[in-house]
Amino acid sequence: MMSETTKKSAGMRGSQSNSGVSSVWSAAGIVASVVAILLAVTFGVAANPSGTSLPATPNFASGGTAQAGAAVEPTGVTTEVEVTMTADMTYEPSVIEVPAGDELVVTLINEDDKNGHDLVIGDVESSRIQPGKSETVNFGVQSYSQEGYCSVAGHKQMGMTLDVVVTGGSSSAVDAGGHAGHAAPAAIPDVVDAEISEVYPAKLEPLESTDEPVTHELTFTVTEVPLEVAPGLWQTRWTFNGSSMGPTLHGKVGDKFIITLVNDGTIGHSIDFHAGALAPDVPMRTIAPGESLVYEYTAERAGIWMYHCSTAPMSTHIASGMHGAVIIEPADIDPVDHEFVIVQSEVYLANEAHSPEEAEEVNADKIVNGTPDRVVFNGIANQYDQERFEVKTGERVRFWVLDAGPNVPFAFHIVGGQFDTYWIEGAYHLRQGVSSSGATDGGSQVLSLLPAEGGFVELEFPEAGNYSVVNHIMSEAERGAHGYVHVTD
């Protein structure tokens, strides 16, 4: 039987099919500056294949099902269906029945007031339909049953799928290999000589000296733009202010922050500042494209605090670049000669893009599976191999460190260095060589952080040279969580 919302009339027989939007994916090769570290570091191809190869991507626009079923004779009949997209990440109806050989024409109505959505069936996809808008799409002659889905990153994983049930034809499209539309894994060619076109500045400038609380007013504009995530490799990122991660905010206890969030993206977004304590209902609400909100909080406790988009699925928004750090200094913090900020996060690639034009959004399935293609500092793999942290022997250096996740722990280590100060999540464990118990003969080799945790370490470098900065979970360093401190006399 046909679904109640499926309309079929004699007047539709013999109607011409409309052109669908063909969806393509691109795969080329990409880079990895890989490290093997034992007091010296060598570049080359890492031995760990999970860190240096990215499987070729299936045709994601086709939902993993190629048009490969048994051929059917077109009936000349058009089946028309009206489908509503909801705020619950569903299509209503969620099942469409179509006789084999009929053309399927779907009118999509987006009743989600926050998010843009689309629909992909086979090799045809709609545009990203904004809240309150609609679009009619011809998905062509249907010969086999398959799954339709929303291609906005994370939405399919939240259950936004639709079953097209073809009656009187083959049950599914399967190629000779037994899996529809899936390409064989392919190695990534090395692009070791590539350089990052724009390195994210890691240096933290000192605060102006004042005894009075300061009010910080900033605007965070959400954009969805292609950016480099490794030398020669691009991804379409969801950003605060168009950069590889959001801006680093810097203040002290008692300071007030007034943030205006403007959504210039195509789906709903939000923001959550861990540096403030307040009810999340209003300031952390998801706003639709074109909307804005004002988020105010007062910093009451010291720390390096994470902020991020809190729209579901949060893991997808964080991994797409929507995160950053707020540094609130302890009142009695010691002076240093240099301060740097390192925020670790992960990159999950949908394709191998070597240009902005090829870039696609995040692969949400890989986030769920916990299989990152790159682990990065400040949004870009290996960028501090290219532009190193510059200091001199005898200078005191502080590294503020945050793990933005969403999945991978961070064991922050500097090869050849030892930390004499270790501060994590609000407390000193070691301060200029003196431990919390009063011992004076200890030191620290690693600042260990789970996602959303942060702290800082301090050290001096004894002699000139190049000191590797790594996640000491070494497979993550080999995926890109690596840089250098260049020390001169």
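Please read all numbers here as calculations on a predicted model, not as lab measurements. Computed over heavy atoms, backbone and side chain alike; hydrogens, waters and symmetry mates excluded.
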For [X] and [Y], does a side-chain donor sit closer than 3.5 Å to a side-chain acceptor?
| X | Y | answer |
| --- | --- | --- |
| Asp365 | Gln157 | yes |
| Thr221 | Asp264 | no |
| Thr86 | Glu92 | no |
| Ser310 | Ser270 | yes |
| Trp234 | Glu358 | no |

Within the 4.5 Å heavy-atom criterion, are [X] and [Y] side-chain neighbours or not?
| X | Y | value |
| --- | --- | --- |
| Lys156 | Thr161 | yes |
| Thr421 | Arg396 | yes |
| Val362 | Ile367 | yes |

Got a sec: does the [atom1] of [X] have more than 12 other heavy atoms crowding it under 6.0 Å?
| X | atom1 | answer |
| --- | --- | --- |
| Lys392 | NZ | no |
| Glu395 | CD | yes |
| Gln445 | CD | no |

Legend entry - Lys203 charged N/C atom sitting above Phe340 aromatic ring, 6.0 Å / 45°: yes
The ring pair (Phe, Tyr, Trp, His ring centres under 6.0 Å) partners of Trp238 (sequence neighbours excluded) come to His269, His317
| query | Okay, side chain of Asn471, backbone of Ala411: is any donor-acceptor separation there less than 3.5 Å? | reply | yes
Q) Do Phe399 and Phe412 have ring centres separated by under 6.0 Å? A) yes
| Going by the angle between their ring planes, with limits at 30° and 60°, are Tyr307 and Phe273 parallel, tilted or perpendicular? | tilted
Could you check whether the rings of His274 and His308 sit parallel, tilted or perpendicular, using 30° and 60° as the cut-offs?
perpendicular
Steps toward side chain to side chain donor-acceptor pair (under 3.5 Å) verdict (His117, Gln130): CA-CA 7 Å; His117 298 291; Gln130 293 306 303; over 6 Å; no
Evaluation steps, ring pair (Phe, Tyr, Trp, His ring centres under 6.0 Å), between Tyr384 and Phe389 | CA-CA 7 Å; Tyr384 303 116; Phe389 306 104; 4.9 Å; yes
Open item on the list: Do the side chains of Arg301 and Glu425 get close enough for a salt bridge, i.e. N-O under 4.0 angstrom?
Closed with: no
Applied to residues 287-299, the side chain to side chain donor-acceptor pair (under 3.5 Å) test, sequence neighbours excluded, yields Lys256-Glu296
